[in-house]
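Proteins get letters first, then strands, A, B, ... in listed order; numbering begins at 1 in each. It should be emphasised that the depicted structure is a prediction, and the values quoted were computed from it without experimental measurement.
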2 protein chains.
Amino acid sequence: MQNILFDFIAKYISLTEDEKNVLLSLDLFHPVKKGTILLKKGQKSRESYFVLKGCIRVYYIKDGEEKTTAFYTELDALTPHCVVNNTPSDYFISCVEDSILLISNADMTVEINSKFPKFDIMCRMLSEELLAKQRIDFDEFKTSSPEQRYLNLLQKRPDLIQRVPQHQLASYLGIKPQSLSRLRARIIEKDKG
Amino acid sequence: MQNILFDFIAKYISLTEDEKNVLLSLDLFHPVKKGTILLKKGQKSRESYFVLKGCIRVYYIKDGEEKTTAFYTELDALTPHCVVNNTPSDYFISCVEDSILLISNADMTVEINSKFPKFDIMCRMLSEELLAKQRIDFDEFKTSSPEQRYLNLLQKRPDLIQRVPQHQLASYLGIKPQSLSRLRARIIEKDKG
DNA sequence: TTCATTACTTAACTTAAGTGAACCAGATAC
DNA sequence: GTATCTGGTTCACTTAAGTTAAGTAATGAA
């Protein structure tokens, strides 16, 4: 599990054994049970998450309905909005599967980053990369129909369609569960003809 | 114009006069005429933009049609995907109005950041903030209907609706220009009744 | 001035998503 | 065993967006 982390970090910066040991001494790794709610609406949190194994999900409750907007799986990093702005959270984060997460505290991160400027540089590279990647995702969403979005997801994250309930997938695609069912039936019908 | 920049930077870090002078010596400020294309699809670029005055726009050409996905106005920063990943650009960037932009080269940025670690920290803070903000925008888009999106835009960026052509606004909202016209007529009708 | 182009609107028709209800497993509780 | 709950599909109906085409107003070029 630690090697997964170090391999990931190695894509950005190189760590000495000492630096690795500092990281390991921090007690960052946490197993989390399916269904656990990591963050609730209205809470202030200082925690960031990095998924080593499993899947976590961001959702809103709007008009009494759950609206899922994001899934984070292996090697995905999430710093909630409320951590960055120090405001109460607008959304919930819950655990879709039994998972192993790296959970870091913002205060801790500040301390580490000031001791090891390398980490700050890595954080900058990572945020810039995520910002650009998310931009592309957003653009694809905007310029696609629900059906295209589904087909696109089938290409890019086929695992999600298996491991996540349909009604959560539907709102992730910006539609209702009934529409997702219908849309899938339509695609199968097309493939036949 | 320079003060606009320094006031912006002051929200993140404090600069000495020397540091300010280094920035000013770099010839970053550029007036850009309306209609200028700053980046074309397929190009590799190393340039980031910061809008001091005016408006620039990101758009794709998909199935022969322009699809506008973003507008950057006063105090917005944009580092294109192709700069981060050093790949050919998927999209175009053009200038909606006569504008004054701060244009910085990635190589130059790397040099400055290594000389002044402060800048690196500011870049990290800025990317994290933008990442979280964009996440919220994306979430709002996903969980709203076109009509709600339009009303939301009317609240948050009323200026955009005035300064940008309708057909560009439409694709920004994820719909066709005809639908935007209809949707606006519908809203006016509702307000009356 | 005239002609062409462009941006925007309107309308009729098509297609697909939203809505509400019924239905059908599969899982859990009693 | 039956009852219940949940997640998913299907159906009939409504609503809104896509499509195609036409019309209007403003802009710019010949």
Asks: Reading nucleotides 14-25 of chain D 5' to 3', which nucleotides get B (base under 4.0 Å from a protein heavy atom), which S (sugar-phosphate only), which -?
Replies: --SBBBB-----
Asks: Taking A/S171 for the side chain and A/T68 for the main chain, is one N or O donor matched with an acceptor at less than 3.5 Å?
Replies: yes
Asks: Test: ring pair (Phe, Tyr, Trp, His ring centres under 6.0 Å). Region: residues 67-103 of chain B. Which pairs qualify, not counting sequence neighbours?
Replies: B/Y59-B/F92, B/Y60-B/Y91, B/F71-B/Y172
Asks: Quick one: side chains of residues 114-121 of chain A, donor-acceptor pairs under 3.5 Å with protein atoms, not counting sequence neighbours, listed by atom name and distance.
Replies:
{"from": "A/S114", "atom 1": "OG", "to": "A/V110", "atom 2": "O", "distance (Å)": "3.3"}
{"from": "A/S114", "atom 1": "OG", "to": "A/E111", "atom 2": "O", "distance (Å)": "2.8"}
{"from": "A/K118", "atom 1": "NZ", "to": "A/S14", "atom 2": "O", "distance (Å)": "2.8"}
{"from": "A/K118", "atom 1": "NZ", "to": "A/E19", "atom 2": "OE1", "distance (Å)": "2.8"}
{"from": "A/K118", "atom 1": "NZ", "to": "A/E19", "atom 2": "OE2", "distance (Å)": "3.1"}
{"from": "A/D120", "atom 1": "OD1", "to": "B/R124", "atom 2": "NH1", "distance (Å)": "3.0"}
{"from": "A/D120", "atom 1": "OD2", "to": "A/N113", "atom 2": "ND2", "distance (Å)": "3.4"}
{"from": "A/D120", "atom 1": "OD2", "to": "B/R124", "atom 2": "NH1", "distance (Å)": "2.8"}

Asks: Tell me whether the rings of A/F141 and B/F138 are parallel (<30°), tilted (30 to 60°) or perpendicular (>60°).
Replies: perpendicular
Asks: Among residues 149-165 of chain A, which ones have heavy-atom contacts with DNA chain C below 4.0 Å?
Replies: none
Asks: For the side chain of B/K142 and the backbone of A/T69, is there at least one donor-acceptor N/O pair under 3.5 Å apart?
Replies: yes
Asks: By salt bridge (charged side-chain N to carboxylate O under 4.0 Å, His left out), which residues pair with A/K20, not counting sequence neighbours?
Replies: A/E17
Asks: By side-chain contact (heavy atoms from CB on, under 4.5 Å), which residues pair with B/S99, not counting sequence neighbours?
Replies: B/C95, B/E97, B/L101
Asks: Taking five pairs at each end of the helix from C/dT1-D/dA30 to C/dC30-D/dG1, what angle separates the two helix axes (nearest 10°)?
Replies: 30°
Asks: Specify the separation, in whole Å, of atom CG of A/D63 and atom P of C/dG18.
Replies: 14 Å
Asks: Scan the side chains in residues 47-56 of chain A for donor-acceptor partners under 3.5 Å anywhere in the protein, sequence neighbours excluded, and list what turns up.
Replies:
{"from": "A/E47", "atom 1": "OE1", "to": "A/Y49", "atom 2": "OH", "distance (Å)": "3.2"}
{"from": "A/S48", "atom 1": "OG", "to": "A/T79", "atom 2": "OG1", "distance (Å)": "2.9"}

Asks: Can you list the residues that meet the side-chain contact (heavy atoms from CB on, under 4.5 Å) rule with A/A106, with sequence neighbours excluded?
Replies: A/R46, A/V83
Asks: Tell me which residues in residues 166-173 of chain B put a heavy atom below 4.0 Å from DNA chain C, sorted by number, or none.
Replies: B/Q166, B/H167
Asks: The criterion is side-chain contact (heavy atoms from CB on, under 4.5 Å); which residues satisfy it with B/L131, sequence neighbours excluded?
Replies: A/L130, A/L131, A/Q134
Asks: Keeping the roles fixed (side chain from A/D98, backbone from A/K33), state whether a donor-acceptor pair exists under 3.5 Å.
Replies: no
Asks: With sequence neighbours left out, what residues match B/L154 under side-chain contact (heavy atoms from CB on, under 4.5 Å)?
Replies: B/Y150, B/L151, B/I161
